**Student:** 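I am attaching a structure below and will ask some questions about it afterwards.
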Amino acid sequence: MREHDLHERFESSFDDADTMRRKGKRGKRANADDTEPTRRGRMTEEEKLRIARLREDQLSTADTPEDGDRWSTWGDAEQGPRPHPDWLVTELAAVDRELGIVKTGKEADVFLLERAMGEKACLLAAKRYRSNDHRMFHRDAGYLEGRRMKKSREMRAIQNRTAFGRNLIAEQWAVAEFTALARLWQIGAPVPYPVQRSGTELLLEFIGDDEGNAAPRLAQARPDEDELLDLWRQLVATLMTLAEAGLTHGDLSAFNLMVHEGRLIMIDLPQVVDLVANPRGVEFLDRDVRNISGWFASRGLPPEIADPSALVATLLDVAGMA
C-alpha cells in the first residue's frame with residue numbers, strides 16, 4: 001500500500017469520529033468506557049512522518065532470507081514489458097542481495113543488486129528516488145507541465161512541497177521514468193530494460209560486466225576518430241527513434257549516455273518530454289541537441305557533421321513538427 005493511501009485511511013478515521021460526536025449530541029451517548037478522539041481535522045506533518053516511520057519499522061522486521069537482504073519483490077511490483085528477457089530471474093522465491101552503491105545523484109541513488117534463484121542469477125541496477133524531509137526536486141516545474149494529479153489535495157501537497165508532496169513527486173518521477181523506458185524499449189531504442197517498479201524504486205537492467213563494474217559514461221570515454229563518428233551516428237539514430245515517438249530526453253548530456261561494448265545506451269529518463277503536449281517541448285529538444293553536439297565537437301567531430309541546427313530541423317521533421 002502506498003504511503004498516501006495510508007494517509008487517506010488515517011484521515012477517514014477522523015471523519016468517522018465526527019459522525020459519532022454528532023450522534024451523541026442528538027441523544028444517545030457512547031458507552032462510558034469508549035475513548036472519544038481528542039482532536040479532529042487533517043494530520044499534521046509530524047503525524048504523517050510518524051506513520052511513514054512506523055511503516056518502515058514494520059517492513060524492517062519482516063521475514064528476510066538468510067542469504068540475502070530481502071525476498072524478490074517481483075510479484076508485488078509493476079513489471080516490465082513482455083516478453084521478459086531470458087536473463088531475468090522472475091521466480092517469486094528468488095532472493096535479492098545488495099552488492100554496493102553504483103552512483104549517487106541529485107534525485108536518486110543507484111545500487112547494484114543481485115537477484116538469484118539456485119544457480120540462476122542476474123545483476124540489476126536499483127534506482128531509488130529520494131523523498132526525505134529537506135529534498136527539493138530541481139527544475140521539476142517545466143518537466144511536469146501536462147502531468148496532473150487527480151486529487152486537488154495531492155496537487156496542493158506537491159505545490160507546497162510538504163513531506164507528503166515530496167514523496168508524491170518522487171513517485172511521479174519513478175512512474176514517468178519506468179513508463180518512458182518501457183515505451184522506448186518496445187520501439188527498439190537503446191535503453192536499459194525496465195525490470196520493475198515498486199513505489200519510488202526502479203529495478204533496471206545493469207549495464208556493465210558480470211563482475212559488477214558499470215559501463216563508463218560517454219563523458220569518460222576517449223574515442224578515436226573512427227569511434228567518435230560511430231558513436232555520433234548511433235546518437236543520431238537514437239534521437240530519431242525518440243522523435244518518431246514524439247519525445248526528447250529533456251536533460252541530455254554526455255553523462256546520460258553510457259558506452260557498453262561499443263554500443264551507446266541512453267539512461268536517466270524521468271524527465272522525458274513530450275514534444276507536442278509540453279509547451280516547451282521544442283525548447284527542450286533544441287537544448288538536448290546543442291548540449292550533446294557541443295560534447296562531440298569538443299572531441300574533434302567536424303562542425304559540418306555535428307551541426308546542431310541541422311539536426312534539430314531533421315528531428316522536428318521526423319516528429320512531424322517541421
Side-chain angles (χ1 to χ4, degrees), residues 85 87 100-112 122-125 127 177 180-181 183-185 187-194 202 204-245 247-273 284-319:
W87 53 262
I101 192 163
V102 176
K103 176 182 176 290
T104 59
K106 294 177 181 178
E107 287 86 24
D109 298 320
V110 181
F111 298 83
L112 180 63
C122 64
L123 292 177
L124 302 173
K127 184 172 185 178
E177 180 161 27
L181 286 169
R183 181 179 178 186
L184 293 173
W185 172 268
I187 63 176
V191 297
Y193 176 74
L202 301 181
L204 310 172
E205 173 187 2
F206 176 69
I207 307 300
D209 61 30
D210 294 337
E211 303 300 317
N213 300 305
R217 306 295 175 108
L218 179 61
Q220 300 170 299
R222 297 294 181 267
D224 61 29
E225 184 177 342
D226 291 338
E227 292 170 332
L228 189 68
L229 182 58
D230 179 59
L231 290 171
W232 172 259
R233 288 171 175 166
Q234 290 187 53
L235 172 69
V236 172
T238 299
L239 293 178
M240 290 183 70
T241 299
L242 266 68
E244 288 174 353
L247 303 172
T248 189
H249 185 284
D251 193 26
L252 187 59
S253 74
F255 292 96
N256 292 330
L257 294 163
M258 302 180 82
V259 182
H260 182 52
E261 298 177 348
R263 185 168 177 248
L264 196 67
I265 298 174
M266 183 176 285
I267 60 172
D268 294 339
L269 287 145
Q271 71 294 305
V272 65
V273 173
F284 282 117
L285 173 65
D286 184 80
R287 189 181 69 182
D288 279 351
V289 170
R290 293 187 185 281
N291 282 347
I292 198 62
S293 296
W295 185 89
F296 275 89
S298 71
R299 294 302 185 275
L301 193 67
E304 63 271 16
I305 296 177
D307 181 352
S309 297
L311 180 54
V312 168
T314 298
L315 295 173
L316 289 175
D317 184 56
V318 169

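Quick caveat: nothing in here was measured; it's all calculated off a predicted structure. All residue numbers refer to positions in the sequence shown, counting from 1.
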**Student:** Quick one: salt bridge (Lys or Arg N to Asp or Glu O under 4.0 Å) pairs with a partner in residues 289-313, sequence neighbours left out?
**Tutor:** Asp286-Arg290
**Student:** Using 0.5 Å steps for rounding, measure from the CD1 atom of Ile292 to the CG atom of Leu235.
**Tutor:** 5.5 Å
**Student:** Using side-chain contact (heavy atoms from CB on, under 4.5 Å), reason through Leu204 and Leu124 one step at a time and then give a plain yes or no.
**Tutor:** CA-CA 6 Å; Leu204 310 172; Leu124 302 173; over 6 Å; no
**Student:** What residues form a side chain to side chain donor-acceptor pair (under 3.5 Å) with Asp109, not counting sequence neighbours?
**Tutor:** Arg130
**Student:** Are the side chains of Arg263 and Pro190 in touch, meaning some heavy atoms are under 4.5 Å apart?
**Tutor:** yes
**Student:** Looking only at the side chains, is there a donor atom on one of Thr248 and Asp288 sitting less than 3.5 Å from an acceptor on the other?
**Tutor:** yes
**Student:** Would you list the pairs meeting ring pair (Phe, Tyr, Trp, His ring centres under 6.0 Å) in which at least one residue belongs to residues 210-243, sequence neighbours left out?
**Tutor:** Trp232-Phe296
**Student:** Under the side-chain contact (heavy atoms from CB on, under 4.5 Å) rule, what do Val273 and Leu247 come out as? Steps first, then yes or no, please.
**Tutor:** CA-CA 6 Å; Val273 173; Leu247 303 172; over 6 Å; no
**Student:** So Lys127 and Lys103, do their side chains get closer than 4.5 Å, heavy atoms only?
**Tutor:** no
**Student:** For Trp185, enumerate each residue passing the ring-ring contact (aromatic ring centres under 6.0 Å, His included) test, keeping only those at least two apart in sequence or located in another chain.
**Tutor:** Tyr193
**Student:** Which distance, rounded to the nearest 0.5 Å, do you find between the CE of Met266 and the CG of Leu242?
**Tutor:** 5.5 Å
**Student:** Within the 4.5 Å heavy-atom criterion, are Trp87 and Glu205 side-chain neighbours or not?
**Tutor:** yes
**Student:** Provide the closest heavy-atom pair for Ala180 versus Val272 in the form atom of the first, atom of the second, distance.
**Tutor:** CB-CG1, 3.4 Å
**Student:** Is the shortest side-chain heavy-atom distance between Leu184 and Leu269 below 4.5 Å?
**Tutor:** yes
**Student:** Determine all donor-acceptor pairs shorter than 3.5 Å in which one atom belongs to a side chain in residues 218-228; sequence neighbours excluded.
**Tutor:**
| unit_1 | atom_1 | unit_2 | atom_2 | d |
| --- | --- | --- | --- | --- |
| Gln220 | OE1 | Arg217 | N | 2.7 |
| Arg222 | NH1 | Ala219 | O | 3.3 |
| Asp224 | OD1 | Asp226 | N | 3.2 |
| Asp224 | OD1 | Glu227 | N | 2.8 |
| Glu227 | OE1 | Asp224 | N | 2.9 |

**Student:** Once rounded to the nearest 0.5 Å, what's the spacing between atom CG of Leu239 and atom OG1 of Thr314?
**Tutor:** 11.0 Å
**Student:** Could I get the full list of side chain to side chain donor-acceptor pair (under 3.5 Å) partners for Gln234, not counting sequence neighbours?
**Tutor:** Asp230
**Student:** Scan residues 251-271 for pairs that pass ring pair (Phe, Tyr, Trp, His ring centres under 6.0 Å), counting only residues two or more places apart or in two chains.
**Tutor:** none
**Student:** Mind checking the CZ-OG1 spacing from Phe111 to Thr104? Nearest 0.5 Å is all I need.
**Tutor:** 9.0 Å
**Student:** Distance-only, no hydrogens or angles: does the Arg183 side chain make a donor-acceptor pair with backbone N or O of Ala245 under 3.5 Å?
**Tutor:** yes
**Student:** Is a donor on one side and an acceptor on the other found under 3.5 Å between the side chain of Asn256 and the backbone of Asp268?
**Tutor:** no
**Student:** For Arg233, enumerate each residue passing the salt bridge (charged side-chain N to carboxylate O under 4.0 Å, His left out) test, keeping only those at least two apart in sequence or located in another chain.
**Tutor:** none
**Student:** Identify every side-chain donor-acceptor pair in residues 206-214 under 3.5 Å, counting partners at least two apart or on other chains, and give the distances.
**Tutor:**
| unit_1 | atom_1 | unit_2 | atom_2 | d |
| --- | --- | --- | --- | --- |
| Asp209 | OD1 | Glu211 | N | 2.9 |
| Asp209 | OD1 | Gly212 | N | 3.1 |
| Asp209 | OD1 | Asn213 | N | 2.9 |
| Asp209 | OD1 | Asn213 | ND2 | 3.4 |
| Asp209 | OD2 | Asn213 | ND2 | 3.0 |

**Student:** To check you understand the geometry: which heavy-atom pair defines the closest contact between Ala306 and Leu301, and what is its length?
**Tutor:** CB-CD2, 3.6 Å
**Student:** Hey, does the side chain of His249 reach the backbone of Ile267 with a donor-acceptor pair shorter than 3.5 angstrom?
**Tutor:** yes
**Student:** Is there side-chain contact between Ile265 and Leu257, with heavy atoms separated by less than 4.5 Å?
**Tutor:** no
